[in-house]
Chemist: 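Let me begin by handing over the structure; questions about it come next.
All of these numbers come straight from a predicted model, not from anything done at the bench. In what follows, chains are A, B, ... by sequence order, proteins preceding strands, each numbered from 1.
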Protein chains: 2
Amino acid sequence: MTRRPFRHESEDVRRQDLIAATLDCIADYGIQGATVRQIAERAGVTPGLIRHYFVSKERMFQTAYREIMNTMFETASKASEEHGSDAIGRLKVFVLANFRPPIIDPRMLSLWATFISQIGVDPELASIHREGYLAFRDRLETLLQDVLTEAGRKPNQDDCRRMAIAINGMIDGLWLEGCMAGSLFREQELGDIALASVATLLGIDFDKAS
Amino acid sequence: MTRRPFRHESEDVRRQDLIAATLDCIADYGIQGATVRQIAERAGVTPGLIRHYFVSKERMFQTAYREIMNTMFETASKASEEHGSDAIGRLKVFVLANFRPPIIDPRMLSLWATFISQIGVDPELASIHREGYLAFRDRLETLLQDVLTEAGRKPNQDDCRRMAIAINGMIDGLWLEGCMAGSLFREQELGDIALASVATLLGIDFDKAS
DNA sequence: GGTGTGATTATACACTTGAATAATTTTAGG
DNA sequence: CCTAAAATTATTCAAGTGTATAATCACACC
């Protein structure tokens, strides 16, 4: 009876592997299927090791949720930053990024819904969500301000907040449906609808964007 | 050792009780906590009885999800039907109903997210969701058509669909945030934002409603 | 007011769960 | 090369899981 061979890994790599395995398991088998044993197997490791890196399963899930929220925010955020100087173009790219992979993805929805569903059980997840939501909304609000300023309009503080809330809500809702039932919509249809709606809400025209 | 006393109940009542207990457990303890034993205890019944009414836990969950979707749809739908004859008023009431209890409710979000999170595990849940989503959206689309017709505009079929998708998305997204982090918003703020946005998207004025 | 039917309980089973602990292997530093 | 520390595995534990089956109680009907 020989013991399974193994390698020492740096803490960073191991933690990252374990979190990735956690997300894989949740996406594939639901939270019931994301057991310590399943996760360990997926990570190519024995169950005991998990306890060596995370004081509890609960903490590991929190870390995993933070990573998901970060991915979603950063993807859209990076897209807009890389775009260039005109505000209207940045907003356009920011909105559209939410309707393309990796953000639009049944797997993403699965993960997101799982963590949301656990908010009642683990309140820390609510706090993580709020952080991510506000980061996203603040970024959006800034983009809106820039667009309105660029258009020569004087952006009212409160109006911007309300518009950001509404647009953020619409993006979330359309994203949900796109992940869940992409086949109900034509290619790029949700992105187009989102863009057109944002244009109407702001009273702008995205065709002017570069 | 005396046996626990019990009452015979009609099938309808018992099934309803069991579904209610299922939803309670899911909302309070998450899907992991919604065990056959927990649910039975909550319903004041022994675990074995559950198998007498549902061939499996999976089937019971499907039935429970159908009920949730129905409650949400019917609540908003009934509100608009009871309102009266002017289309713009019916739309207003329909939209606002989504931002008041029982639809806005952390418990509702918990349940909804739980079932969504299980879509990957049990595809039947996806079908149930789609049914509920389309029912809601169709109702909304009809209301939009009525409003535009009432306003003397010729409602284009495709435009109505796209507006319904966008508005439905926005309602969903704002509903989500309202359930999750109601404290981030002032009383009625989300309903007001939703209403104002719908007005802008349709180019109408809700102040004209009765 | 018995009595038969089936709703309900009780018990058992085979398995899985998260966690704790002890035993070992790897790896870095002298 | 040795050695010590730390990463990783192996084993164990008590509790909980969904489901199956048999015993029994409640109630409708004659």
Chemist: Is A:Glu177 salt-bridged to B:Arg130, cutoff N-O under 4.0 Å?
Modeler: no
Chemist: Of A:Leu134, A:Leu140, A:Asp138, which is the lone residue that meets side-chain contact (heavy atoms from CB on, under 4.5 Å) with A:Asn168?
Modeler: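 Output: one option passes, namely A:Leu140.
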Chemist: May I ask you to verify if any side-chain N or O of A:Arg14 is less than 4.0 angstrom from the OP1 or OP2 atom of D:dA7?
Modeler: no
Chemist: Check the distance between C:dG18's P and A:Ile39's CD1 and give it to me in whole angstrom.
Modeler: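 Whole-Å distance recorded here is 8 Å.
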Chemist: Take atom CG of A:Asp17 and atom C1' of D:dA7, then tell me their distance rounded to the nearest Å.
Modeler: 14 Å
Chemist: In whole angstroms, how far is the C1' atom of C:dT17 from the CZ atom of A:Phe61?
Modeler: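 For the pair A:Phe61 CZ and C:dT17 C1', the rounded distance is 12 Å.
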Chemist: Could you pick out which residue, A:Arg4 or B:Leu49, lies toward the 5' side of DNA chain C when each is mapped onto its nearest nucleotide?
Modeler: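 Upstream on the strand: B:Leu49.
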Chemist: Is a salt bridge present between A:Arg15 and A:Glu11, judged by a nitrogen-to-oxygen distance below 4.0 Å?
Modeler: yes
Chemist: I want to verify a distance call: between C:dG18, D:dT19, D:dT8, whose nearest atom is closest to the A:His8 side chain?
Modeler: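 Nucleotide nearest to A:His8's side chain: D:dT8.
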Chemist: Give the rounded distance in Å between these two atoms: CD of A:Glu58 and P of C:dG18.
Modeler: 13 Å
Chemist: How would you label the contact of B:Thr46 with the nucleic acid (heavy atoms, under 4.0 Å): base, sugar-phosphate, or nothing?
Modeler: base
Chemist: Starting at the 5' end of DNA chain D and moving along, which residue's nearest nucleotide shows up first, B:Lys57 or A:Pro5?
Modeler: A:Pro5
Chemist: Using atom CD of B:Glu9 as one end and atom P of D:dA28 as the other, report the distance to the nearest whole Å.
Modeler: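 Answer to the nearest Å: 11 Å.
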Chemist: Please compare A:Arg37 and A:Val45 by the position of their nearest nucleotide in DNA chain D and report the one closer to 5'.
Modeler: A:Val45
Chemist: Taking atom P of D:dA20 as reference, at what distance in whole Å does atom CZ of B:Phe54 sit?
Modeler: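 Between P of D:dA20 and CZ of B:Phe54: 16 Å.
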Chemist: Figure out the CZ/P separation between A:Arg7 and D:dT8, and round it to whole Å.
Modeler: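 Distance check: A:Arg7 CZ to D:dT8 P gives 10 Å.
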Chemist: What is the distance from CD of B:Glu41 to P of C:dA10, rounded to the nearest Å?
Modeler: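 The distance from CD of B:Glu41 to P of C:dA10 comes to 13 Å, rounded to the nearest Å.
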Chemist: Classify A:Glu11 by what it touches in the nucleic acid, base, sugar-phosphate, or nothing, heavy-atom distance under 4.0 Å.
Modeler: nothing
Chemist: Within the pair B:Arg51 and D:dA20, is there a side-chain N or O less than 4.0 Å away from OP1 or OP2?
Modeler: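 The answer is yes; a side-chain N or O of B:Arg51 sits under 4.0 Å from OP1 or OP2.
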Chemist: Would one find a side-chain N or O of A:Tyr53 under 4.0 angstrom from OP1 or OP2 of D:dA7?
Modeler: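 No.
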Chemist: Does this structure show an ion pair linking B:Glu74 with B:Arg139, if we count only N-O contacts that are shorter than 4.0 Å?
Modeler: no
Chemist: Is the base of D:dT9 touched by the side chain of A:Arg3 through a donor-acceptor pair closer than 3.5 angstrom?
Modeler: yes
Chemist: Cation-pi check, A:Arg66 to A:Phe61: give yes when NZ or CZ is under 6.0 Å from the six-membered ring centre and within 45° of the ring axis, no otherwise.
Modeler: no
